2 protein chains.
Amino acid sequence: MDADRPHAAAPATPRYAPLYQQVREMLVARLAAGEWKPGEALPSELDLAARFNVAPGTLRKAIDALAAQNLVVRRQGKGTYVATHTEEHASSFRFLRIRSDTGATEYPGSRLVDVRRGRASADAARLLALKPGEAVLQLRRVLEFDGAPVVCDDITLPAALFKGLTRTRYEAYDGSMYGFFETEFGVRMLKAHERIKAVAADATAARLLRVAPGAPLLAVERVTTTFGDRPVELRRGLYATAHHHYSNDLG
Amino acid sequence: MDADRPHAAAPATPRYAPLYQQVREMLVARLAAGEWKPGEALPSELDLAARFNVAPGTLRKAIDALAAQNLVVRRQGKGTYVATHTEEHASSFRFLRIRSDTGATEYPGSRLVDVRRGRASADAARLLALKPGEAVLQLRRVLEFDGAPVVCDDITLPAALFKGLTRTRYEAYDGSMYGFFETEFGVRMLKAHERIKAVAADATAARLLRVAPGAPLLAVERVTTTFGDRPVELRRGLYATAHHHYSNDLG
DNA sequence: TATCAGTTATCTTATAGAGGACTTACGAAC
DNA sequence: GTTCGTAAGTCCTCTATAAGATAACTGATA
């Protein structure tokens, strides 16, 4: 009816969806498309508000939602930045839940044991939304706290997304694995779901983690997703919890 | 200087703290004091804004923070309600992370094995901020999925907060254990921190969970806190993960 | 009595604008 | 050359107002 109402950008939505959520989705789409790269600053809030033809408060609320999701980081007086795995050495604990029992916050060392090309098992294909037998990369790495091996991860990646990933290329990179994926392949790990069980160490795990065969280990299966909840990593980890634990906050 | 500026309620804060956070803290204090009981409705936003002498938008932002913390629940057109453990049978999964591997969302049955009075061990006293030897209650309960025991919990509570807790009284209550604590003793479980390890089943656990002695189990140590991060529950659980898993979301 | 429409109360979203706080850069003063 | 203050840009907070959405209540009507 009143098509030229002054300040309503898109009031003609048939089903009700708040304007700030529409703006949020437009921003997510641009982030996913790479319009602003990780670490870069977004345009100012006033600029974006003008661009989307909404009030500054509305745009601000949309960015609030993105910041709550850790998609962007606000810095007062400077600007709003695309979140990245490369800086935030502290915030990197977002995806690393293993801690020393003593409370020491040392950052573990990562040692790549093996990189192989292979085909997705039925299991892996289901969890990664691939066709069975599709090409994947298999990494095995060990995390060491203070020189002692604590975590052994088996990582499965869709080969199509990580063309050119080699052992030497990873070892040339200085930083976390998700930082490596982000800067070298443009794959952004955003969320993850983990399923945890207790298992007995088999011979291989016992050797890599230096525990007795049959010793109880934490088995962590992680499916990591990127924009649109698309799964892009399957990670099966075995954690030796003699002097470390998996830390989790509820509520 | 300009003391009679028109629209600034309390701009005279010496060190800078946003007004909406001050309002939030006042609201938390009233919630902690029990001015509004769990399940009850808060006064309307306009009422509260007038009471605290702030603009509706500011009060709204304070309540937004409370809702994000799960302290209150908003219901459009009805009002804002104090969160409770007694309803939300679905949201009760907030503190229950064990799931069936098949994805069935059945709610487990709880069987109280034992209730004892005792004295806090050095360990328990430290985690619960009690003096060693202070009076505590020790509960042991088993969670059963579909009739099969899966979780065995040893729960330590400060006796001072749970006067009159007996086995029969718990069994007379219909609902979750945290709902029981809330309605019968006024103790609200708000947050929890968990430390997870893998251990081998001892004789007692093996019997209760019907697994072989030495079988790997998840050992979950939970410290639950109420207002002001005061610890009020210590819970050591053993989870049999043959057909179940601990589910966790990151990011 | 039962049902339906209107009213009211409430949360929810959106707009506009003013001023505060933080960071950075630039230029003047020493 | 160093230091300091100012200015600009940006995010941050708060206020004020209005209208849409949802649910409960009220009262008239069949």
Side-chain angles (χ1 to χ4, degrees), chain A residues 1-27 36 40-68 71-83, chain B residues 1-27 36 40-68 71-83:
Chain A
M1 300 128 194
D2 50 349
D4 49 10
R5 200 148 56 83
H7 297 306
T13 38
R15 270 157 25 281
Y16 181 67
L19 185 50
Y20 79 92
Q21 280 191 17
Q22 300 176 35
V23 173
R24 179 193 151 279
E25 277 162 29
M26 288 191 276
L27 284 169
W36 309 292
E40 282 182 16
L42 270 60
S44 84
E45 296 186 348
L46 288 176
D47 275 10
L48 287 172
R51 186 180 311 191
F52 291 123
N53 198 29
V54 297
T58 304
L59 184 115
R60 185 163 174 74
K61 206 165 174 186
I63 291 192
D64 280 344
L66 298 186
L71 279 175
V72 301
V73 177
R74 318 185 89 131
R75 273 174 238 168
Q76 185 174 4
K78 296 190 68 177
T80 304
Y81 294 78
V82 183
Chain B
M1 300 127 192
D2 51 347
D4 49 8
R5 203 148 52 82
H7 299 304
T13 38
R15 271 159 21 283
Y16 181 66
L19 185 49
Y20 78 92
Q21 281 191 18
Q22 301 177 36
V23 173
R24 180 194 150 280
E25 277 162 29
M26 288 191 275
L27 285 169
W36 309 292
E40 283 182 14
L42 270 61
S44 84
E45 296 187 348
L46 288 175
D47 275 11
L48 288 171
R51 187 182 309 192
F52 291 124
N53 199 26
V54 297
T58 303
L59 184 115
R60 185 164 176 72
K61 206 165 173 186
I63 291 191
D64 280 344
L66 298 185
L71 280 175
V72 300
V73 177
R74 319 185 87 128
R75 274 175 239 166
Q76 184 173 6
K78 296 190 67 177
T80 303
Y81 294 78
V82 183

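For clarity, every value in this text was computed on a predicted model and none was experimentally measured. Reminder, nothing fancy here: chain letters follow the sequence lines and each chain counts from 1.
- A 4.5 Å side-chain heavy-atom check between B/Arg74 and B/Asp64 finds at least one atom pair inside the cut-off.
- For A/Lys78 and A/Thr58, each mapped to the nucleotide of DNA chain C holding its nearest heavy atom, the one lying further toward the 5' end belongs to A/Thr58.
- Rounded to whole Å, the distance from CD on A/Gln21 to P on D/dG20 is 19 Å.
- Note: OH (A/Tyr20) to P (D/dG20) measures 18 Å, nearest angstrom.
- When heavy atoms are screened at a 4.0 angstrom cut-off, B/Arg60 is found touching base atoms of the nucleic acid.
- For the atom pair A/Met26 CE and A/Leu59 CG, the distance stands at 9.5 Å (nearest 0.5 Å).
- The nucleotide whose nearest atom lies closest to any side-chain atom of B/Ala55 is, among D/dC11, D/dT15, C/dT15, D/dT15.
- To the nearest angstrom, C1' of D/dA24 lies 14 Å from CD of B/Gln76.
- Heavy atoms only, all atoms of each residue included: A/Arg24 and A/Ala65 are closest at CD-CB, 3.6 Å.
- Between A/Leu59 atom CG and D/dC12 atom P the separation is 12 Å, expressed in whole Å.
- Regarding B/Phe52, its CZ atom lies at a distance of 13 Å from the P atom of D/dT15, rounded to whole Å.
- Dashed line: the shortest gap from a side-chain N or O of B/Thr80 to OP1 or OP2 of C/dT10 is not under 4.0 Å.
- Side-chain N/O atoms of B/Arg74 include one lying less than 4.0 angstrom from OP1 or OP2 on C/dT12.
- In this structure, the side chains of B/Phe52 and B/Thr58 stay at 4.5 Å or more apart for every pair of heavy atoms.
- Along DNA chain C, the nucleotide closest to B/Pro43 and the one closest to A/Gly77 are compared, and the more 5′ of them pairs with B/Pro43.
- Residue contacts shown for B/Glu45 include a base, since a base heavy atom lies under 4.0 Å away.
- Proximity of A/Lys61 to the phosphate of C/dT13: a side-chain N or O atom is located under 4.0 Å from OP1 or OP2.
- Summarising the geometry, the separation between CG on B/Leu46 and P on C/dT8 is reported as 16 Å, rounded to the nearest angstrom.
- With values rounded to the nearest 0.5 angstrom, A/Tyr20 atom OH is found 14.0 Å from A/Ile63 atom CD1.
- One interatomic measurement links the two molecules: CD1 of B/Ile63 to P of C/dC11, which rounds to 7 Å at whole-angstrom precision.
- Here D/dC12 presents its P atom at 8 Å from CG of A/Asp64, a figure rounded to the nearest Å.
- Distances from the side chain of B/Val54 to the nucleotides C/dT13, D/dT13, D/dT15 place D/dT15 closest.
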